[in-house]
Amino acid sequence: MKKTITFIMRNRVTVLIIIGLITLFFGYQMKNLRINSDIIKSLPEDDPAASMYKKIGEKYKGSTLGIIIYNSENLYTGKAIADIAMITETVKGIPGVESVISLTNIINIKSDSLGMEVGQLVDEYNLPTSDSELKVLKNEIEQNEMYKGDIVSTDSKSTIIMFTLSPHVTQEKVAKEVKEKVEKLKISEKLYFGGLPMMMEELSTVIYTDMMWLIPIVMIVLLIILFLSFKTIRGAIIPLITVGIAVIWTLGMMALLGYEITMIGGIIPVVLFAVGSAYAIHVVNHISENVVSGNKEGIINSILYLLLPVFLSSLTTVFGFISFIFGSYLSMIKDFGMFCAIGTFFSFLLAIIFIPAVLSYLPPIKNLADKKEPFLSRLILKPISRLIIKHPNYIFTFWAIIIILGVFGTLKIDRSTNLASFFKSKSQTKISEITLQEKFGGSAPIYIVFKGDIQDPKLLNEMMKMSDFLKTSHFISTTTSVADLVAQMNNAMGEGKKIPTDRAKVEQLWFLLEGQEVMGKLVSENLDEAIIQTRFASTSTKDTKLFLDTLNHYIKQHQQKGIQMEACGMPNVYQQMDKSLLNSQLSSLAIAIALVLLLVSLSLKSFKLGIYGIIPILATVLAVFGFMGFTGIALDVATVSVASVALGIGVDYSIHTITAFNYYMKQKKDINSALESTIMTTGKSILINAISVALGFSVLLVSQLVPMQYFGLLIALSMLFSSTGALTLLPVLLIIRNRISEKKRVKLNNNTI
């Protein structure tokens, strides 16, 4: 290694030029980065829920539902009807939109003295304008459950324009065009945009905005921390540039390999700045303290001294991120782990190559961090060392309580996968979703697929029974199916709202429905399959699970020969993601623990010490889980990675503590003196490192996405817990270990005598 580092230092100009060229190359690649907020694409191709959802979209003119909410004090005016018609026609003309349903083109079944007529509720070529025409329209809507509470709110102040997208288009792109073209109409009434494609479009905007804001903010925070540490602009800028280069390399590699920025991927730069800065600080600090100006040999020796501890420190973090690759079900979490691991390695590599090469041309940085020592010693470190030495039982009891509370809190953790729950309460997306739930039965589409002879009265009756069953749920308000249309037509013929018992009568009524646009959304071309469409009005994971469990039980009980039923839709997709979150948490955490334990044991050359070293971070994980449970923070696509990230970063503090303790124990031969020296020296660097990493992640608190805010909060909290555990719980465990060893030694001596 010395030959390699000496070679690098001798050719440092070439090294700096190569780093510069690589940075320019990856920086150029970043222009190809794209944002992908489609959470369905994050599921594996063979995922049953996602696969079924896509098949429905291909067969029935799109399964992804977008919604525009039109609000007015009075819907029954000529202007309001004209506005709705204009929005409908505008959305219809956008490429990628499969179908549009609104008040001005929805199917209508009515009867009069001349017989029954199947047409549209409103004549789109002759819109109602007079008071009498509008009054007739109002009466028809209020007397028909097909419209009231489904497409028109019960207070008659809101209506929705629903549209579906082709499964082969980029949903965010089409949704953005829908929003832009509708907004260009300059409708004076208030409009809201909801449904999955509009959420994804908003999410793409939020991801981009977050990246543009969070990266400068985390750089400013780290700049302040670095300046307070080194008291020079140069000492602050060099580490920041180093991590910045690592971020550029990482994002450039993502673009080069064809990866996209996902919801959780948008915070990769912030994570790398927070994590990678620690390696740069170690290198700058050690060189500034131990190397005089122009002493290349001193820089080489300094890097040789730092190489192993900094490498091990980065490796534990890399292992924490790598656990996502093998333990996660969602591709967005796997990608996040992979590129965070790559970026962490880049940060380490640049810290030991780029920083020494730059500093070799500059006068040494005078490190003034020692001026903080009296403050840390007097208020934090000395009280901790005294408490540990005099009252270790207090420390042990405190952590025992934390662990017990953590276990109970962990059992209370809820999970969240619905995209609507990721937005802040004041966001337009959240307001839209609340409005849709309260007035229109939600926005998450559900499809019940029936396979068999669709014109068979028996099958149509089963569809009617399913519709009645669905409406018993608090979260289902209306359903739409060909069975509903046949029953309404039968009612218009004066024979009651039911399915005719005679197949020939069904076929006669069916003939009147042929050619209607809605039929392509409800029945397959060869009449061997049909669907019931409805919407689910809750974002709660518990509500979703309870509903789907009940629905699947009903389907299982009512399956019969010739009639097959199956449920799919966004609630099914969300439930599949929910299952994957729990499995991912368990798998990735188990993998991370195994990898980190192996590395800690190897670095400390003792499996027992490896166990001691990992106990504080496991206690930290339980404490963080407990905090989540008691505060109501849900396990989602972001917070599911907290434990593994905390494990990978926080275990470094334990390694430093044990290494220092072993060193001082050999010198002082007294456990109390060794612990005091460990806490007073290593404790200082641990606290500074933990605070800097915690502050770096705390930047995520200003994110516009709720999961990102909680991710930043929980990582910051885990840094404080893990550093405190390394300086309190771990020393107590070392005292216990020493006492056990001493008893064994005494017993062995007595037996020998």
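- Side-chain contact between Leu509 and Met493: present, with at least one pair of heavy atoms (C-beta onward) separated by less than 4.5 Å.
- Between the side chains of Ser156 and Lys148, at least one donor N or O sits under 3.5 Å from an acceptor N or O.
- Note on residues 413-428: pairs passing salt bridge (Lys or Arg N to Asp or Glu O under 4.0 Å), not counting sequence neighbours, are Arg415-Asp578.
- Donor-acceptor pairing under 3.5 Å is lacking for the side chains of Ser421 and Asn418.
- We find the CD1-CD1 distance between Ile67 and Ile160 to be 5.0 Å, quoted to the nearest 0.5 Å.
- Salt-bridge formation is not detected for the pair Glu462/Lys458: no Lys NZ or Arg NE/NH1/NH2 atom is positioned less than 4.0 Å from an Asp or Glu carboxylate oxygen.
- For residues 529-546, the pairs satisfying salt bridge (Lys or Arg N to Asp or Glu O under 4.0 Å) are Lys59-Glu529, Asp150-Arg535, Lys545-Asp549, with sequence neighbours left out.
- Sequence neighbours left out, the pairs with a member in residues 701-714 that pass side-chain hydrogen bond (donor to acceptor under 3.5 Å, both in side chains) are Asp210-Ser703.
- Between Asn144 and Leu121 there is no side-chain heavy-atom pair separated by less than 4.5 Å.
- Aromatic rings of Phe547 and Phe475 (six-membered ring for Trp) have centroids beyond the 6.0 Å cut-off, not under it.
- Residues passing the salt bridge (Lys or Arg N to Asp or Glu O under 4.0 Å) test with Asp453, sequence neighbours excluded: Arg503.
- Contacts classified as ring pair (Phe, Tyr, Trp, His ring centres under 6.0 Å) and involving residues 425-456 (residues at least two apart or in different chains) are not found.
- Ser524 and Asp528 are linked by a side-chain donor-acceptor pair at a separation below 3.5 angstrom, with hydrogens and angles left out of the test.
- Between the Ser37 side chain and the Met200 main chain, a donor and an acceptor come within less than 3.5 Å of each other.
- Between the side chains of Ser588 and Ser323, no donor-acceptor pair is found at a separation under 3.5 Å.
- Salt bridge annotation for Glu98-Lys521: absent, with no cationic side-chain nitrogen under 4.0 angstrom from a carboxylate oxygen.
- The existence of a salt bridge linking Arg34 and Glu260 is excluded, since no basic side-chain nitrogen approaches an acidic carboxylate oxygen closer than 4.0 Å.
- Put simply, CE on Met199 and OG1 on Thr64 are 12.0 Å apart, with the number rounded to the nearest 0.5 Å.
- With respect to Lys173 and Glu201, no salt bridge is recorded, no charged nitrogen being found less than 4.0 Å from a carboxylate O.
- Side-chain contact annotation: Ser538 with Ser540, donor-acceptor N/O pair under 3.5 Å absent.
- No cation-pi contact links Lys412 to Phe408, judged by a cut-off of 6.0 Å to the six-membered ring centre and 45° from its axis.
- Scanning for salt bridge (Lys or Arg N to Asp or Glu O under 4.0 Å) contacts around Lys157 gives Glu73, with sequence neighbours left out.
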